[in-house]
Visitor: 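This is the structure I want to talk about, given as structure tokens.
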Amino acid sequence: RVLTTIHCWTVVMLLVYLPFGKFFHIFQRAAQMGAALYIEEKEHGKPALCIRCHQPFTSQMQKEDVKRILRDIGFQFQSNGHELSMQDLCPLCRRHMLMTTQNRRLHGKFDIEHNYK
């Protein structure tokens, strides 16, 4: 019983230490390599253009990967069976769409121009 308790505490301490210690670099290195791939693709690959403002905001590969992963885990950002989704908009256009939707749902009470003059 004593050895089992010592073993349990050792495992717990290792798991608590893991994110803050050098051992975590084993897992972190794979994420760094994946990020470098996306950075390289953004710099030299095909850019993803926003469907609203037509400005590049990321790589086409990263945008399609995000759309696929979100769809695989159950998030549905497409509307009415369209192929287009929120990931086809740049961050600025997403914020604009969110503000416009909030203003519409609140019947004009979210109008920034009106409230802050």
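Heavy-atom basis, side chains included; hydrogens, waters and symmetry copies ignored. Residue indices begin at 1 and follow the sequence shown.
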Visitor: Closest approach of L37 and M61, non-hydrogen atoms and distance?
Guide: CG-CE, 4.0 Å

Visitor: First locate atom CD of Q55, then atom CG of L89, and finally report the distance between them rounded to the nearest 0.5 Å.
Guide: 13.0 Å

Visitor: Would you compute the distance between atom CD of Q87 and atom CG of D65 and round it to the nearest 0.5 angstrom?
Guide: 12.0 Å

Visitor: Show the nearest heavy-atom pair for residues C90 and C50, with the distance to one decimal.
Guide: N-SG, 3.3 Å

Visitor: Same cluster for V66 and I51 if Ile/Leu/Val/Met/Phe/Trp/Tyr side chains link at under 4.5 Å?
Guide: yes

Visitor: Which pairs count as salt bridge (Lys or Arg N to Asp or Glu O under 4.0 Å) when at least one residue sits in residues 39-63, sequence neighbours excluded?
Guide: K63-D88

Visitor: Kindly determine whether M86 and M97 satisfy side-chain contact (heavy atoms from CB on, under 4.5 Å), including the steps that lead there.
Guide: CA-CA 10 Å; M86 288 291 290; M97 185 163 66; 2.8 Å; yes

Visitor: Nearest 0.5 Å, please: how far is CD1 in I39 from OG1 in T58?
Guide: 10.0 Å

Visitor: Quick check: are there more than 12 heavy atoms from other residues, nucleotides or ligands sitting under 6.0 Å from CG of L3?
Guide: no

Visitor: Under the side-chain contact (heavy atoms from CB on, under 4.5 Å) rule, what do R95 and L98 come out as? Steps first, then yes or no, please.
Guide: CA-CA 5 Å; R95 287 191 295 272; L98 176 66; 5.6 Å; no

Visitor: Measure the spacing between CD of Q62 and OG of S59 and express it to the nearest 0.5 Å.
Guide: 5.0 Å

Visitor: Can you confirm whether more than 12 heavy atoms, excluding those of H44, are under 6.0 Å from its NE2 atom?
Guide: yes

Visitor: Before you tell me yes or no, could you show the steps for I73 and F75 under side-chain contact (heavy atoms from CB on, under 4.5 Å), namely the whole-Å CA-CA distance, both residues' side-chain angles and the distance that decides it to 0.1 Å?
Guide: CA-CA 6 Å; I73 61 175; F75 288 98; 3.6 Å; yes

